[in-house]
**Q** 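What follows is a structure written as structure tokens; I'll ask about it next.
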Amino acid sequence: MPEGSNLTMPIQPPVNVIIIGGAEDKENDKLILAKVFQAAGGLKARILIVPTASAEPELLGAVYEQLFIEMGAQSVVVLDLTTRAQADLPEMEWRLKQATCVFLTGGDQVRLTTILAHTRFSRVLRQLWEEHRLLIAGTSAGASALGSCMIAWGTSGESPSRSIVELATGMGLLPSLIIDQHFFNRNRLARLIAAVAAHPTYLGMGIDENTAVLLGAEGLFEVVGEGAVTIGWQSPHLQ
């Protein structure tokens with residue numbers, strides 16, 4: 001579903017979720033990160049970067065921190081949570097309430113959910129998001145983890161079969177979606193088909209690199225960036 005397609009509808013604020021397919025532009029016009037910045041409040045944005053999924057959280061956190069500072073955000077804080085004990089600390093509620101946006105970086109979605117799921121951090125995150133007090137943005141692994149069913153592992157370029165994808169429990173913010181990222185770029189259509197076939201009540205969403213879905217109220221969304229978004233579902237007649 002390319003940008004500008006009449007199948008996507010430009011949505012009015014507030015955007016409450018931004019799902020990024022990974023490898024978003026960080027050097028040129030920074031279109032997608034600029035969309036995050038604006039949706040988070042622009043010059044009043046208070047962005048909490050969570051690089052928990054990354055194998056190099058300090059390095060990756062610093063990259064995004066500098067980018068959002070240069071855009072003019074009011075505050076940018078990197079919160080590197082490496083253990084569930086840290087994610088359960090009482091201060092997590094205070095930190096989240098200070099933010100207008102939580103940005104989940106790429107890396108390993110299983111690492112991310114293992115550390116954050118069912119902790120104080122994730123409970124407060126969900127509560128503030130449901131109250132429309134917080135924007136959530138996730139890129140790559142941070143995008144995949146947003147669903148309640150998550151692709152934990154899979155092979156690329158194979159014919160669809162149950163053996164090419166392993167599913168796990170995600171953070172559950174978007175319960176009706178199975179999200180895959182780096183989609184066209186890594187030839188991941190077959191594994192998304194297999195994932196949706198295993199969970200036919202879910203909608204599959206494959207997002208290309210440097211491409212994002214801006215999700216608003218009532219399920220309306222807008223696609224921005226240079227790639228496409230692939231939507232898949234299983235017909236009830238085939239179940």
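Count residues from 1 along the sequence.
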**Q** State which residues pass ring-ring contact (aromatic ring centres under 6.0 Å, His included) with Phe183; sequence neighbours excluded, sorted by chain then number.
**A** none

**Q** For side-chain contact (heavy atoms from CB on, under 4.5 Å), just list the numbers for Leu173 and Ile136, CA-CA rounded to whole Å, side-chain angles, deciding distance to a tenth of an Å, and then say yes or no.
**A** CA-CA 9 Å; Leu173 293 166; Ile136 297 176; 3.5 Å; yes

**Q** Taking atom types as modelled, is there a side-chain donor on Glu24 or Thr139 under 3.5 Å from an acceptor on the other?
**A** yes

**Q** Pairs in or reaching into residues 128-143: which pass salt bridge (charged side-chain N to carboxylate O under 4.0 Å, His left out), with residues at least two apart or in two chains?
**A**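 Non-adjacent pairs meeting salt bridge (charged side-chain N to carboxylate O under 4.0 Å, His left out): Arg126-Glu130, Glu131-Arg133.
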
**Q** Can you confirm whether Leu104 sits close enough to Leu146 that some side-chain heavy atom of one is under 4.5 Å from a side-chain heavy atom of the other?
**A** yes

**Q** Going by salt bridge (charged side-chain N to carboxylate O under 4.0 Å, His left out), name the residues that satisfy it together with Asp208, two or more places apart in sequence or in a different chain.
**A** none

**Q** Which pairs count as salt bridge (charged side-chain N to carboxylate O under 4.0 Å, His left out) when at least one residue sits in residues 48-62, sequence neighbours excluded?
**A**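 Listed once each, the pairs would be none.
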
**Q** Give a yes or no on whether the backbone of Thr100 and the side-chain of Arg46 come within a donor-acceptor separation of less than 3.5 Å.
**A**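 Looks like no, no N/O pair under 3.5 Å.
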
**Q** Can you tell me how far OG of Ser140 sits from CD1 of Ile179, rounded to the nearest 0.5 angstrom?
**A**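 Result: 11.5 Å between the selected atoms.
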
**Q** Tell me if a side-chain donor or acceptor on Ser163 pairs with a main-chain N or O of Ser161 at a distance below 3.5 Å.
**A** no

**Q** Check Arg95 with Glu93, please: is the shortest side-chain N to carboxylate O separation under 4.0 Å?
**A**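 No, no charged N to carboxylate O under 4.0 Å.
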
**Q** So how far is it from Leu33 CG to Glu70 CD, rounded to the nearest 0.5 Å?
**A** 11.0 Å

**Q** Sequence neighbours left out, what passes ring-ring contact (aromatic ring centres under 6.0 Å, His included) with Tyr64? Give chain and number order.
**A**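 Per chain and number, Tyr64 pairs via ring-ring contact (aromatic ring centres under 6.0 Å, His included) with Phe103.
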
**Q** Taking atom CG of Leu112 and atom OG1 of Thr105, what is their separation to the nearest 0.5 Å?
**A** 7.5 Å

**Q** Under the 3.5 angstrom rule, does the side chain of Arg188 hit a backbone N or O of Gly206 as a donor-acceptor pair?
**A**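 Side chain of Arg188 to backbone of Gly206, a donor-acceptor pair under 3.5 Å: no, none is there.
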
**Q** Do Ile49 and Glu65 have side chains that get closer than 4.5 Å, going by heavy atoms?
**A** yes

**Q** Can you check side-chain contact (heavy atoms from CB on, under 4.5 Å) on Val196 and Tyr202, steps first, answer last?
**A** CA-CA 6 Å; Val196 172; Tyr202 286 71; 5.6 Å; no

**Q** Taking Pro175's backbone N and O only, do any of them form a donor-acceptor pair with Ser148's side chain (distance below 3.5 Å, no angle check)?
**A**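 Indeed, once roles are kept as given, a pair shorter than 3.5 Å links the two residues.
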
**Q** Test of understanding: clusters of I, L, V, M, F, W, Y form through side-chain heavy atoms closer than 4.5 Å, transitively. Do Leu59 and Val50 belong to the same one?
**A**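 They do not share one cluster, since no chain of ILVMFWY contacts under 4.5 Å joins Leu59 to Val50.
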
**Q** Take atom NZ of Lys44 as the centre, draw a 6.0 Å sphere, and report whether it contains more than 12 heavy atoms from other residues, nucleotides or ligands.
**A**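 No, because the 6.0 Å sphere around NZ of Lys44 holds 12 heavy atoms or fewer from other groups.
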
**Q** Kindly work out whether a path of hydrophobic side-chain contacts (I/L/V/M/F/W/Y, heavy atoms less than 4.5 Å apart) joins Leu192 to Leu203.
**A**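 Leu192 and Leu203: separate clusters.
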
**Q** Minimum heavy-atom separation for Leu81 to Met92, with atom names?
**A**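 Nearest pair, atom of Leu81 first, then Met92: CD2-SD, 4.0 Å.
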
**Q** Tell me if a side-chain donor or acceptor on Asn210 pairs with a main-chain N or O of Glu226 at a distance below 3.5 Å.
**A**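 It does not hold such a pair.
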
**Q** Answer whether the closest heavy-atom distance between the side chains of Val17 and Leu135 falls below 4.5 Å.
**A**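 Of all side-chain heavy-atom pairs linking Leu135 with Val17, none is under 4.5 Å.
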
**Q** Is the backbone of Met171 close enough, under 3.5 Å, to the side chain of Thr113 for a donor and an acceptor to pair up by distance?
**A**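 Such a contact is absent between Thr113 side chain and Met171 backbone.
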
**Q** Is there a donor-acceptor contact under 3.5 Å linking the side chains of Thr82 and Gln86?
**A** yes

**Q** Is there a path of hydrophobic side-chain contacts, each under 4.5 Å between heavy atoms, that joins Ile18 and Ile178?
**A** no

**Q** With a 4.0 Å cut-off on N to O distance, would you call Lys30 and Asp25 a salt bridge?
**A** no

**Q** Taking Ile207 as the starting point, is it possible to reach Trp153 by hopping between hydrophobic residues whose side chains are less than 4.5 Å apart?
**A**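 No, separate clusters.
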
**Q** For Gln181 and Arg186, run side chain to side chain donor-acceptor pair (under 3.5 Å): C-alpha distance rounded to whole Å, both residues' side-chain angles, the deciding distance at 0.1 Å, then the answer.
**A** CA-CA 9 Å; Gln181 18 75 14; Arg186 300 186 185 178; 5.3 Å; no

**Q** Compile the donor-acceptor pairs under 3.5 Å between side chains in residues 115-122 and protein atoms, sequence neighbours left out, one pair per line.
**A**
| from | atom 1 | to | atom 2 | distance (Å) |
| --- | --- | --- | --- | --- |
| Thr119 | OG1 | Leu116 | O | 2.6 |
| Thr119 | OG1 | Phe121 | N | 3.4 |
| Thr119 | OG1 | Ser122 | N | 3.4 |
| Arg120 | NE | Asp88 | O | 2.9 |
| Arg120 | NE | Leu89 | O | 3.3 |
| Ser122 | OG | Leu116 | O | 3.2 |
| Ser122 | OG | His118 | N | 3.1 |
| Ser122 | OG | Thr119 | N | 3.0 |
| Ser122 | OG | Thr119 | O | 3.0 |

**Q** Run the side-chain contact (heavy atoms from CB on, under 4.5 Å) test on Val110 and Met150 for me, step by step, so that the C-alpha distance in whole Å, both residues' side-chain angles and the decisive distance to 0.1 Å come before the verdict.
**A** CA-CA 9 Å; Val110 175; Met150 175 183 79; 4.2 Å; yes

**Q** How long is the span from the OG1 atom in Thr211 to the CD1 atom in Ile32, to the nearest 0.5 Å?
**A**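 Interatomic distance, Thr211 OG1 to Ile32 CD1, rounded to 0.5 Å: 5.5 Å.
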
**Q** Quick one: closest heavy-atom pair of Asp180 and Ser144, and the distance?
**A**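 Where Asp180 meets Ser144 most closely, the heavy atoms are CA-OG, 4.3 Å.
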
**Q** Are any non-hydrogen side-chain atoms of Arg162 and Val165 less than 4.5 angstrom apart?
**A** yes

**Q** Atom CG in Leu214, atom CG in Leu220: separation rounded to 0.5 Å?
**A** 12.0 Å

**Q** Which heavy-atom pair separates Ala73 from Ile47 by the least distance, and what is that distance?
**A**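 Minimum heavy-atom contact is CB-CD1, 4.3 Å.
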
**Q** For Ala194 and Ile164, work out which heavy atoms get closest and say how close.
**A**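 In terms of heavy atoms, the two residues are closest at CB-CG1, 4.3 Å.
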
**Q** Compare all side-chain heavy atoms of Ile151 with those of Arg191 and state whether any distance is below 4.5 angstrom.
**A** yes

**Q** Is there a path from Leu189 to Leu177 through hydrophobic residues (I, L, V, M, F, W, Y) whose side chains come within less than 4.5 Å of each other?
**A** no

**Q** Any heavy-atom pair between the side chains of Cys101 and Leu48 that's under 4.5 Å?
**A**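 The answer is no; the side chains never approach within 4.5 Å.
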
**Q** Minimum heavy-atom separation for Arg111 and Ala53, please, with both atom names.
**A** CD-O, 3.7 Å

**Q** Nearest heavy-atom pair of Gly61 and Val78: which atoms, and what distance?
**A** O-CG2, 3.5 Å

**Q** Quick check for you: to the nearest 0.5 Å, what is the distance between Ser176 atom OG and His199 atom NE2?
**A** 13.5 Å

**Q** Is there a side-chain contact between Met205 and Val213 (heavy atoms, below 4.5 Å)?
**A** yes

**Q** Is there a donor-acceptor pair under 3.5 Å between the side chain of Trp129 and the backbone N or O of Asn16?
**A**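 Side chain of Trp129 to backbone of Asn16, a donor-acceptor pair under 3.5 Å: yes, one is there.
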
**Q** Going through the checks in order, is the side-chain contact (heavy atoms from CB on, under 4.5 Å) test met by Lys26 and Leu67?
**A** CA-CA 8 Å; Lys26 302 178 181 67; Leu67 286 167; 3.9 Å; yes

